[in-house]
Student: 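First the structure, then my questions, so here it is.
Per chain, numbering begins at 1; letters A, B, ... match sequence-line order. Because the structure is predicted, anything quoted here is derived from the model rather than measured.
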Amino acid sequence: MSSTQIPENTSNFTSKDLVSDQDIRWCPGCGDYSILKQVQKVLPELGLKKENIVFVSGIGCSSRFPYYMNTYGMHTIHGRATSIATGLKVSRPELSVWVVTGDGDSLSIGGNHFIHTLRKNPNLNILLFNNEIYGLTKGQFSPTSPEGKVTKSSPMGSVEHPFNPLALALGADATFVARSMDRDPKHLQAMIRRSAGHEGTSLLEIYQNCNVFNDGAFFAYTDRATKTDRALFLEHGRPLLFGEGNKKGIRLVDGCHPQVVDVEKEGLSESDLWIHDEKDSLKAGLLARLPENQGNGEGEFPSAFGVFYAVERYCLEGAVRLQIEKARERMGEGDLDALIRGDHVWEIK
Amino acid sequence: MSSTQIPENTSNFTSKDLVSDQDIRWCPGCGDYSILKQVQKVLPELGLKKENIVFVSGIGCSSRFPYYMNTYGMHTIHGRATSIATGLKVSRPELSVWVVTGDGDSLSIGGNHFIHTLRKNPNLNILLFNNEIYGLTKGQFSPTSPEGKVTKSSPMGSVEHPFNPLALALGADATFVARSMDRDPKHLQAMIRRSAGHEGTSLLEIYQNCNVFNDGAFFAYTDRATKTDRALFLEHGRPLLFGEGNKKGIRLVDGCHPQVVDVEKEGLSESDLWIHDEKDSLKAGLLARLPENQGNGEGEFPSAFGVFYAVERYCLEGAVRLQIEKARERMGEGDLDALIRGDHVWEIK
Amino acid sequence: MSKEKIQFKTNVVIRFAGDSGDGIQLTGTQFTTSTALAGNDLATYPDYPAEIRAPAGTIAGVSGFQLHFGSDEVHTSGDYCDVLVVMNAAALKANLNHLKKGGIIIANEDGFDEKNLRLAKYPDGVNPIQDDSLEEYQVHIVPVTKLTRECLKDSGLGVRDMDRSKNMFVLGLLYYMYNRSMDPTITFLESKFAKKPEVGEANIKAMKAGYSFADTTEIQNGRFEVKAAPMEKGTYRSIMGNQATAFGLIAAGCRANLPVYYATYPITPASDILHELSRHKNFGVVTVQAEDEISAVASAIGASFGGSLAVTASAGPGISLKTEAISLATIYEIPLVVCDIQRAGPSTGLPTKMEQADLMQAIYGRPGEAPLPVVAATSPADCFDAVFEACRIALEFMTPVFFLSDGYLANGAEPWRFPSMADLREIKVGFANEGDTDDGVYLPYKRDERLVRKWALPGTPGLEHRIGGLEKEDVTGNVSYDPENHEKMVKIRQQKVNNIADHIPLQELDSGPEKGELLVVGWGSTYGTIKAALKQLRAEGVDVAHAHLRYLNPFPRNLGELIKNYDQVLVPEINNGQLVRLIRDQFLYPAIPYNKIKGQPFAVAEIKNKVWELLKK
Amino acid sequence: MSKEKIQFKTNVVIRFAGDSGDGIQLTGTQFTTSTALAGNDLATYPDYPAEIRAPAGTIAGVSGFQLHFGSDEVHTSGDYCDVLVVMNAAALKANLNHLKKGGIIIANEDGFDEKNLRLAKYPDGVNPIQDDSLEEYQVHIVPVTKLTRECLKDSGLGVRDMDRSKNMFVLGLLYYMYNRSMDPTITFLESKFAKKPEVGEANIKAMKAGYSFADTTEIQNGRFEVKAAPMEKGTYRSIMGNQATAFGLIAAGCRANLPVYYATYPITPASDILHELSRHKNFGVVTVQAEDEISAVASAIGASFGGSLAVTASAGPGISLKTEAISLATIYEIPLVVCDIQRAGPSTGLPTKMEQADLMQAIYGRPGEAPLPVVAATSPADCFDAVFEACRIALEFMTPVFFLSDGYLANGAEPWRFPSMADLREIKVGFANEGDTDDGVYLPYKRDERLVRKWALPGTPGLEHRIGGLEKEDVTGNVSYDPENHEKMVKIRQQKVNNIADHIPLQELDSGPEKGELLVVGWGSTYGTIKAALKQLRAEGVDVAHAHLRYLNPFPRNLGELIKNYDQVLVPEINNGQLVRLIRDQFLYPAIPYNKIKGQPFAVAEIKNKVWELLKK
Ligand SMILES: Cc1ncc(C[n+]2csc(CCOP(=O)(O)OP(=O)(O)O)c2C)c(N)n1
Ligand SMILES: Cc1ncc(C[n+]2csc(CCOP(=O)(O)OP(=O)(O)O)c2C)c(N)n1
Ligand code: SF4
Ligand code: SF4
Ligand SMILES: [Mg+2]
Ligand SMILES: [Mg+2]
């Protein structure tokens, strides 16, 4: 089933044209600013027409996003952005539809639409701003907050085991799963580009700092002192390397048990290591859960950033269109009079 | 965190005591009858008191279940049974709470509660009657119906890629995932027993025949001619064997690529094969997706039945109770007068 | 054919009843089609159990289909039936109370064996078709199963398959009794079983056998003729409410020149609209079976933003889940049609039974001040016009609109003098066009004199704008926390809905005097019953007026005055009193509620009795 | 301290305003505590932006806190303020319209630099504290930032941290002006910053500096004394509405001897109830933050079946998501308290502003006939009594109950002469006990004379039974599709709710004559304003009556008669007219709506004017 292609033209706008006239109302220092900037930076490169772009969001700090984009936009209700975006995309396949959502919006109240959207695979780009907290309602734990998290609603610590959002997405048969972060603009831009390029639902989880209610949750991945040991950047076809000078690697023992190794010390070649394959769903799952593994030999497991998984599957809107076309082929363009009349009529004279 | 234990006594009832006085209203031949029977068979063996058992269901044919059980029961609303059951269990940890739900009830409208229940892990037993169809509303496709399924609401075939329910559950961090079927009473009984024994949320998917709207969807797993090739029964610590006389096996190439092999022909020993390990989440995922693999050498991959995954994690209700106890230790039993009075009072005389 | 005496009748009510597996609904609809083609006016009412197929032979498993047809206007499916066809003992037990005294019973003898009697819970040894308990009726006992098997014994079919044709035997028998042509059913069976011609033939054979059986046996002394009804000239078809709703939506899409986007989650009794629409994809209709009701309405809102005629449907429980999103549509001010095919509540209630108890939910069931228009259908065929009108209002006034139908309309059928495409009113959609800006800025909440804003579709250069659920500044649509602006916007949204009263017809009387003792005000599916009751009363010399509301919000401008022309106003509803409250509130008039809450329509006699009661006072 | 002239005042309204980051709410609540401890009656109203922290310096980011205190009874947070404290230019711009002519402005000079003026969107070169635009007011310009930094220069803190104390400087200044003790705040700061004593000290130092600054500078000619109010004898504390709600729930749990189970999904302005309750787990309170509103109410229903005092809460948008499940609770007939802390809608609306627009949703917003009692609170402290009463009704009548509060009550504070545990009414729960069977069968829908059924908890041997959302047979509770039974059950459920009118007090007048020209009927948070307005009118010689409804469904038995004793009835509401519709419908009385829909309470003057207008007619 061929999916509908977004028309590729040269863009008719620049980053500046994307800035709306509305004052931005995020807290100073909020990670959302960077994400907005990177999106505004990347969009003009994609060969889209500005009038064909629509941003759809739910409710949350992150979901204010559409107001700041001088494109078509819908700020909707809590948790339903993916469904609303799906309706828009299925009815107007030529539009480039972006969903902006938070960890509460998409994984808490919106969890059902989230998983169903992923399996149905309309060609949407989902930007999930994960700050592991409810920002807008002033700091309650979210479904991604770690166990024991102390918040306003969990003064003795959260008793809930959190979701691993990417593992959940893979379990829901997502076709594109990636992760980036607000504080790494270049990587974020690259990931936005990859998301846009994917035909089908692309899920980009973005670690986002909420400096008011959950400050520093992801600093380990960007702070000088820790970042090389804690963040691993994925590249398709390349071995999993990280640490100072990429001296650490990950290898798979028995084909499926990850192990952190010192590449130089053990004199390993690249091919001894786990080579990242974006098409391998099993390995994508393993990557999503990488930091959940017990540290071994060479220390803790890092968190991965990049494209975990990217495969092709027909898009929902394409399949819907195809049936309409087939129906027209089979039955001809709808004839209202014939429909209403039906097969059994009688006349009164 | 120690979870709350269901009191183990000798049961005070027999299978017959579990039969309610209500006429059963499923279609003659419906697979639900068998499931009811096996549940009634197994329950008395579990050392429970009848008055401590509660069946909670949503809406659907399957969800009529509680009416037929002479225990406490709640027939609720569509999709919410897991949440209602969670509320009951958290507030009354000593009860044995069973959820009966359908593929539409739990995975369509109830998808959000389903995944959140699994991650939170209250000690519930979920029996998911999967007939790959909406029975009660007379035959629309469900989120587990295969692509292209022709139903009343999809006369040209469903355009939706379905969920793999067990993969979804694993992605949602379920602690117990198993599968059985209506037409294999002994296996079903065994699985009900295992589910009951698991501390935490146990998800038992039961392939159930809807002989009116989706007849024979799972017959391949029970029909003489096909069952040995299509159904593989899992046992912890045992190799994956199936086929006539257990001559076929599954081995893992490179540790993670399953391959169907002829055990005798290739002269393989058990240890060459994939040995099932209920604690291995990665392999559980691989098992859930087993039939999605391209057939190779020795033919198609079978579907697995049995316990895919079973690990321990603290139960929600235990953690909630523990905080209450800790709070009482720290602050003493609540004193209403002191609470209301607070710290700053003044007197008017 | 010539030997028997034919009795002429103006009206007949037949009720078919049998096990859910007996093909009762099919028998009923086939008889309906033939009767419609014979030119009778008619109304039908299927009455089926909530279970898909409760255990065969039990009361719970009985399925019924009632058909009222006549040579005169027919307004209801009939209070009581003249003929009761029962396929088994349970069907008799469950339906005898629907039969008029002296009525005809046609009973399948083979459905009264020991097992069936036991399942129907008759006492041991009691068989109602053998004892004298049915003395007051004309009973025809026919060994339908046996005869069907007999006539099919050479068909090569197994017994189970043969038995599947026994409903056709009965149908043939009734075709003979009412002098109906078998041809439409023969055509139907041939096409239905095109791939299994042996089954088709068996069915046809059984039907013909039933026909002949009636011709040659004692049933002959019961042959009736119901002349064609003197209906308005024109071409007719038979139509069911949900089908008419589906057609109305497609028609509105055509007349507005917009694709229809229909998103729903299955629920009784709304699902058939989905089933019907999904068969007409060649109209460009998109049908979406969403994962739940919230997703359904949400995706419709997305499609509406994109420029579709967006529709969502459910019954009460599902509608309640949609209310948050509907509230969003009211503040967005985008077109959205919400179809509520009401059923008996609260909660799951009686899911296959009808009720009119979602009116208050439609009018008031949203957080905050979120007014929206409400339109109700009055008969199966009227679902077409009413939902078309709901679409028109939604599109022309940029607003969500409720369309109310119910389980009785949804599954009921009647003859329909269908319109041609050209007769249908054009729906004028107010799109914003490229360049519709002020100083280069697009103002999405600028309004015309009716207070209606324009619809600016993504894809239009220069109209880029954002909409949201936060209160919006007048004209610009920007987020505004200004207190004065909020009040202004709440009032504007209310006024816009109120203004619709200028664009709908004034309330007319359906019948009766313009002033007088009593006005009966109804809405929805009570139409036929009230009409029939007042007609009978008129014949009995009592002239009572009838106004039937299509527009529940806003009310027609003249409704208040109209009401005040009568000494008393009676408001019959299949609920515990809802419209009556709106009338009392708005017009401070002591309208009198009359309520039935039994999952069933009013009987004509009930309305008549109530009117008598009021007039006697 | 002796040199200055002290003016005596009976009432003062102070409004603190500044950037969201300026600690305005803290300043306000501290001043409130000290004022309460000084024995004044008071009422507060925080007014904060929807954004967590909109850009510093902008109008959108302005946060406000208004406090009205007096030596007389105080009923509202005040229409206009006497003193306006502004930390920056935006705060002045956004709040000047709240200041009485001739009022005092205390302005932080450092908040009026070029940058701040630009962010506040003053025209280039305009500085309101330098030109003569504030001539009509008494303006005190204080370089708060500079002075705070000055006094803390040796504290070792960085500039940003020093600046965080500037609100304390202002607080000290006001403590001096109104002769308040700094002690409660000192205690508070010491405990709050126990782990960062240097910060605590800095704050205390800044406050003392502000106090001294006022003592030594020109502020001295503005020292006021507001005597303690002649309040009823007793012990008082200050309490906010959501806190009172939380306490009321805990108290009801204690008096019913049941564990409280509170399940919710965060939403403004309801979340603070969750926050408060989650701190009191030592009462056995279970708080659940569910994945969404549906799960929250569903889990509460599960807990109710299990025997908890089950409560769920939200604001309008979240409540609408719960309606399907609430409908289930009505047909189950189990206790459930639904707290709706109303905010301005529709949809997301103005999430931090108050409104009373969910009344119709509470009464009618469910599919089918699903009546339930509705109880509303009238003041922050009254939330305690009202929610306690909601719990009592739910538990004693086995029914879901709506408790209505709103954003004004939720965040407002007032002095509270709190009850002791022993004063509280016992809540009598009707459990079924082992052996409560008829012929060995438990009949879950058997009722007492009030039509109330019993609560049979799982774990009780012999009472095993099933409940469901399908219509249930009278007495046995078995599924029943019987038409007569359905009508009977709908009527029973309605009658049970109606019967509650026998178990609530008759409606009393809050003030005014028992018959006369005009009765003002209010509900919810308009209480204080109406009371104050009528009191002033009475002082001006106009005696108008006031009835304030706690029970919105069912109404007190005597309400209809009571209303008919007056020539006119005015119904002021912060919505577009809701209670007024119920009154018109039920009593056919032409009650007059008076509506304000600005996300703000009525001003006393508005009510007075409206009354004058009606009396002149
Ligand atoms: C139906 C409904 N329920 C609850 C809310 C309140 N609410 C608004 S945003 C939010 C959570 C925000 O968290 P997240 O999605 O993580 O976004 P963030 O603010 O962290 O970016 C909640 C609970 C709402 N607006 N609507
Ligand atoms: C809120 C709501 N939406 C829709 C329905 C209609 N409905 C009842 S059961 C059902 C699906 C049943 O499918 P499943 O859960 O697979 O159960 P089965 O009947 O197949 O056992 C639906 C859509 C309902 N009762 N309530
Ligand atoms: S609260 Fe957190 S997420 Fe929200 S705007 Fe502020 S910093 Fe950003
Ligand atoms: S419809 Fe299907 S699932 Fe439902 S009772 Fe009948 S056979 Fe069973
Ligand atoms: Mg968040
Ligand atoms: Mg199913």
Side-chain angles (χ1 to χ4, degrees), chain A residues 1 79 107-116 118-121 143 147 154-175 252-258 280-283 285-286 288-289 292 313-314 316-324 326-327 330, chain B residues 1 79 107-116 118-121 143 147 154-175 252-258 280-283 285-286 288-289 292 313-314 316-324 326-327 330:
Chain A
M1 230 169 273
L107 296 171
S108 199
I109 191 169
N112 204 27
H113 317 307
F114 181 76
I115 56 176
H116 280 270
L118 293 175
R119 79 170 169 89
K120 293 184 202 164
N121 202 38
E147 272 166 44
S154 55
M156 299 178 73
S158 160
V159 294
E160 296 187 7
H161 175 85
F163 278 136
N164 178 322
L166 300 192
L168 178 67
L170 291 165
D173 286 18
T175 58
L252 288 170
V253 181
D254 296 339
C256 62
H257 295 114
D280 187 332
S281 74
L282 186 80
K283 299 279 174 55
L286 209 49
R289 298 198 180 280
E292 293 171 18
R313 192 169 72 224
Y314 70 92
L316 178 66
E317 71 277 13
V320 168
R321 289 294 130 187
L322 209 64
Q323 288 201 337
I324 290 180
K326 271 201 194 146
R330 269 190 224 159
Chain B
M1 228 170 276
L107 295 171
S108 200
I109 191 169
N112 204 28
H113 317 306
F114 180 76
I115 56 176
H116 281 270
L118 293 176
R119 79 169 168 89
K120 293 183 203 166
N121 202 38
E147 272 165 46
S154 56
M156 299 177 72
S158 161
V159 295
E160 295 186 6
H161 175 86
F163 278 136
N164 178 322
L166 300 191
L168 178 67
L170 292 165
D173 286 17
T175 58
L252 287 170
V253 181
D254 296 340
C256 62
H257 296 115
D280 186 332
S281 74
L282 186 80
K283 299 280 174 56
L286 208 50
R289 297 197 181 280
E292 293 172 19
R313 192 169 71 226
Y314 70 92
L316 179 65
E317 71 277 13
V320 167
R321 290 292 129 188
L322 209 64
Q323 287 201 338
I324 290 179
K326 272 202 193 144
R330 269 190 225 160

Student: What option among Asp280(B), Ile115(B), Leu316(B) has the most heavy-atom pairs under 4.5 Å with chain A?
Tutor: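 Maximum pair count with chain A is reached by Ile115(B).
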Student: Is chain B contacted by the side chain of Leu170(A), its backbone, both, or neither, given a heavy-atom distance below 4.5 Å?
Tutor: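 For Leu170(A), the contact with chain B is made by the backbone alone.
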Student: Quick one: OH on Tyr314(A) to CD on Glu147(B), what's the gap to the nearest 0.5 Å?
Tutor: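 Between atom OH of Tyr314(A) and atom CD of Glu147(B) there are 3.5 Å.
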Student: Between Lys326(A) and chain B, which part of the residue has a heavy atom less than 4.5 Å away: side chain, backbone, both or neither?
Tutor: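 The answer is both parts of Lys326(A).
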Student: Between Ile109(A) and chain B, which part of the residue has a heavy atom less than 4.5 Å away: side chain, backbone, both or neither?
Tutor: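 It is the backbone, since no side chain atom gets that close.
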Student: Keeping to residues at least two apart or across chains, list the salt bridge (Lys or Arg N to Asp or Glu O under 4.0 Å) pairs with something in residues 156-174 of chain A.
Tutor: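 Residue pairs passing salt bridge (Lys or Arg N to Asp or Glu O under 4.0 Å), neighbours aside: Glu160(A)-Arg119(B), Asp173(A)-Arg289(B).
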Student: Just by modelled atom types, is the Phe163(B) backbone N or O under 3.5 Å from a matching donor or acceptor in the His116(A) side chain?
Tutor: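 Between the backbone of Phe163(B) and the side chain of His116(A) there is no qualifying donor-acceptor contact (under 3.5 Å).
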Student: Within the distance-only criterion (no hydrogens, no angle test), does the side chain of Gln323(B) pair as donor or acceptor with the backbone N or O of Ser158(A) below 3.5 angstrom?
Tutor: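 Such a contact is absent between Gln323(B) side chain and Ser158(A) backbone.
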Student: Give the intermediate values and the outcome of side chain to side chain contact (heavy atoms under 4.5 Å, CB included) for residues Cys256(B) and Lys283(A).
Tutor: CA-CA 9 Å; Cys256(B) 62; Lys283(A) 299 279 174 55; 3.8 Å; yes
Student: In terms of heavy-atom proximity below 4.5 Å to chain A, should Ala327(B) be classed as side chain, backbone, both, or neither?
Tutor: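 For Ala327(B), heavy atoms of backbone and side chain both lie under 4.5 Å from chain A.
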Student: Looking at every heavy atom in both Gly111(B) and Asn112(A), which two are closest together, and how far apart are they?
Tutor: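 Smallest heavy-atom distance, with atoms named: CA-OD1, 3.0 Å.
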Student: With a 4.5 angstrom heavy-atom cut-off, which part of His257(A) approaches chain B: side chain, backbone, both or neither?
Tutor: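 Contact with chain B is through the side chain of His257(A) alone.
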Student: Could you go through the side chain to side chain contact (heavy atoms under 4.5 Å, CB included) check for Lys120(B) and His161(A) one step at a time?
Tutor: CA-CA 6 Å; Lys120(B) 293 183 203 166; His161(A) 175 85; over 6 Å; no
Student: Below 4.5 Å from any heavy atom of chain B, which atoms of Pro165(A) appear? Answer side chain, backbone, both or neither.
Tutor: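 When you check distances to chain B, no heavy atom of Pro165(A) falls under 4.5 Å.
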Student: Heavy-atom pairs under 4.5 Å with chain B are the metric here; pick the option from Gly285(A), Gly110(A), Ser281(A), Gly157(A) that has the most.
Tutor: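 Of the candidates given, the most pairs with chain B belong to Gly157(A).
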Student: Nearest 0.5 Å, please: how far is CG in Leu282(A) from CG in Leu286(B)?
Tutor: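 Reported to 0.5 Å precision, the distance equals 5.0 Å.
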Student: Which answer fits Leu107(A), side chain, backbone, both or neither, if we ask what part of it has an atom under 4.5 Å from a heavy atom of chain B?
Tutor: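 For Leu107(A), the contact with chain B is made by the backbone alone.
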Student: Examine whether an atom of Ala169(A) lies under 4.5 Å from a heavy atom of chain B, and if so say whether it belongs to the side chain, the backbone or both; otherwise answer neither.
Tutor: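 Neither; nothing under 4.5 Å.
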Student: Find the distance between CG (Asp254(A)) and CG (Leu252(B)) and round it off to the nearest 0.5 Å.
Tutor: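 With rounding to 0.5 Å, CG (Asp254(A)) is 10.0 Å from CG (Leu252(B)).
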Student: What residues, two or more places apart in sequence or in another chain, satisfy side chain to side chain donor-acceptor pair (under 3.5 Å) together with Ser154(A)?
Tutor: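 Partners of Ser154(A) by the side chain to side chain donor-acceptor pair (under 3.5 Å) criterion, ordered by chain and then number, come out as Thr151(A).
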